[in-house]
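We name chains A, B, ... by the order of the sequence lines, and we start the count at 1 in each one.
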Number of protein chains: 2
Amino acid sequence: MYEKYVKILKEHTLKVTSPRLEILRYLDEHHTHPNVEEIYSSLKKKHPSLSRTTVYNSLEILKKKRIIQSLTISGSELRYDIHEGLHHHFICTHCGTIFDIAITCPNMDRTLYGGHRVEEVQGYFKGICKKCHTKEKRRNNNG
Amino acid sequence: MYEKYVKILKEHTLKVTSPRLEILRYLDEHHTHPNVEEIYSSLKKKHPSLSRTTVYNSLEILKKKRIIQSLTISGSELRYDIHEGLHHHFICTHCGTIFDIAITCPNMDRTLYGGHRVEEVQGYFKGICKKCHTKEKRRNNNG
DNA sequence: CTACTAAATTGTAATGATTACAAATTATAA
DNA sequence: TTATAATTTGTAATCATTACAATTTAGTAG
């Protein structure tokens, strides 16, 4: 069940602990770009002893090892994502949903720009998603 | 002195107030992508009655009118920028400096993606700037 | 120029995400 | 099995931002 995540942790010389395994699994199974609170409250159900601080700590170290990435797209809270292949993100400023954007981009793989060392490249698209936009139109027509 | 900013406000049907003029001027003269605190404490010197809340409110409305934009690049605070021509941004995770990135990008002008309405496109590059990187190397050599 | 009104400004109090920190626990290696 | 450094935990800060009510003011109509 967890061998996959044990392997990832060991490959990165991280101690194998229950919170780390659970968090990795959660992110692997939920590609919803959850925030800390969502991860915490979901895992807390099965592991009542889990501490919110541990979730913060674990995410931090997983990020440092580049196993996951954090998105600053929302502006009010970090959202987390298992790191698998570069892609861009869209956030709906109405409902908060974030989803992956599959467009090619010539600047995605940059590791250098004008002598500066680039470690992360993030493309954010912000706007109103189809669903919210449709609802909005319907409301206007009926009102 | 402020005619330029008065004009901008009037063109967007915004009331012309001292805080708005000062904030616009500040952003026009400081392309450093400041956060709220920097703007506030700088303007507070000349206008002691200025309230931090007013800075938040004014930035909000200027953003809504698309006169300025907010950057979520840092992850802990919003950074502000006069909106003039699309460009990407680099942030040094070591010293916090943000600067403009002048690269062309085919996805910058998108207003639609898969039925979703795109209102902002932001390209963020995160890493270590040249200056910090050089300092780091020097420290390692001497230590 | 004056008076009116909606909008903007102000200050304080709350909120929410994140970090600091110290004590208890635990994964790993000897 | 033991030692120990790392991790986890809970609580208490901190920091950016928002809520809100009272005061002031910009713009407009008379």
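- At least one side-chain heavy atom of A:I39 sits under 4.5 Å from a side-chain heavy atom of A:L59.
- At whole-Å resolution of the value, CG in A:L59 and C1' in D:dT8 are 14 Å apart.
- Computed from coordinates, the A:R52 CZ to C:dT19 C1' distance equals 13 Å when rounded to whole Å.
- Between B:G75 and B:L14, it is B:L14 whose nearest contact on DNA chain C lies nearer the 5' terminus.
- When each of C:dT9, C:dT18, D:dT9 is scored by its nearest atom to the side-chain atoms of A:L78, the top-ranked nucleotide is C:dT18.
- One finds a side-chain N or O of B:T54 lying less than 4.0 angstrom from the OP1 or OP2 phosphate oxygen of C:dT10.
- Atom OH in A:Y56 sits about 14 Å away from atom C1' in D:dG10, given to the nearest Å.
- Regarding A:N35, its CG atom lies at a distance of 8 Å from the P atom of C:dT18, rounded to whole Å.
- B:N57 comes within 4.0 angstrom of a nucleotide base, judged by non-hydrogen atoms across all strands.
- Taking all atoms of both residues into account, the shortest heavy-atom contact from A:H94 to A:I128 is CB-CD1, 4.2 Å.
- A straight line from NZ of B:K63 to P of D:dT18 spans 11 Å, rounded to a whole angstrom.
- Contact annotation for B:S18: no contact, since no heavy-atom pair falls under 4.0 Å across all strands.
- Residue B:K15 has its side chain nearest to D:dA26 when only D:dG10, D:dA26, C:dG11 are considered.
- Note: A:H88 and A:F125 have tilted aromatic rings, judged against thresholds of 30 and 60 degrees for the angle between ring planes.
- Protein atom CD1 of B:I61 is 18 Å distant from nucleotide atom P of D:dT17, rounded to whole Å.
- In this structure, A:I23 places its CD1 atom 13 Å from C1' of D:dT9, rounding to the nearest Å.
- In the interface, the side chain of A:T53 is paired with the base of D:dT11 through a donor and an acceptor atom under 3.5 Å apart.
- Ring planes of A:H89 and A:H33: perpendicular class, angle over 60° (limits at 30 and 60°).
- Atom CD of A:E77 and atom C1' of D:dA16 are 14 Å apart (whole Å).
- In this structure, A:S49 reaches the D:dT9 phosphate: one of its side-chain N or O atoms is under 4.0 Å from OP1 or OP2.
- Distances from the side chain of B:T17 to the nucleotides D:dT17, C:dT28, C:dA8 place C:dA8 closest.
- At the phosphate of D:dT8, OP1 or OP2 sits under 4.0 Å from a side-chain N or O atom of A:S58.
- Under a 4.0 Å N-O distance rule, the pair B:E3/B:K7 does not qualify as a salt bridge.
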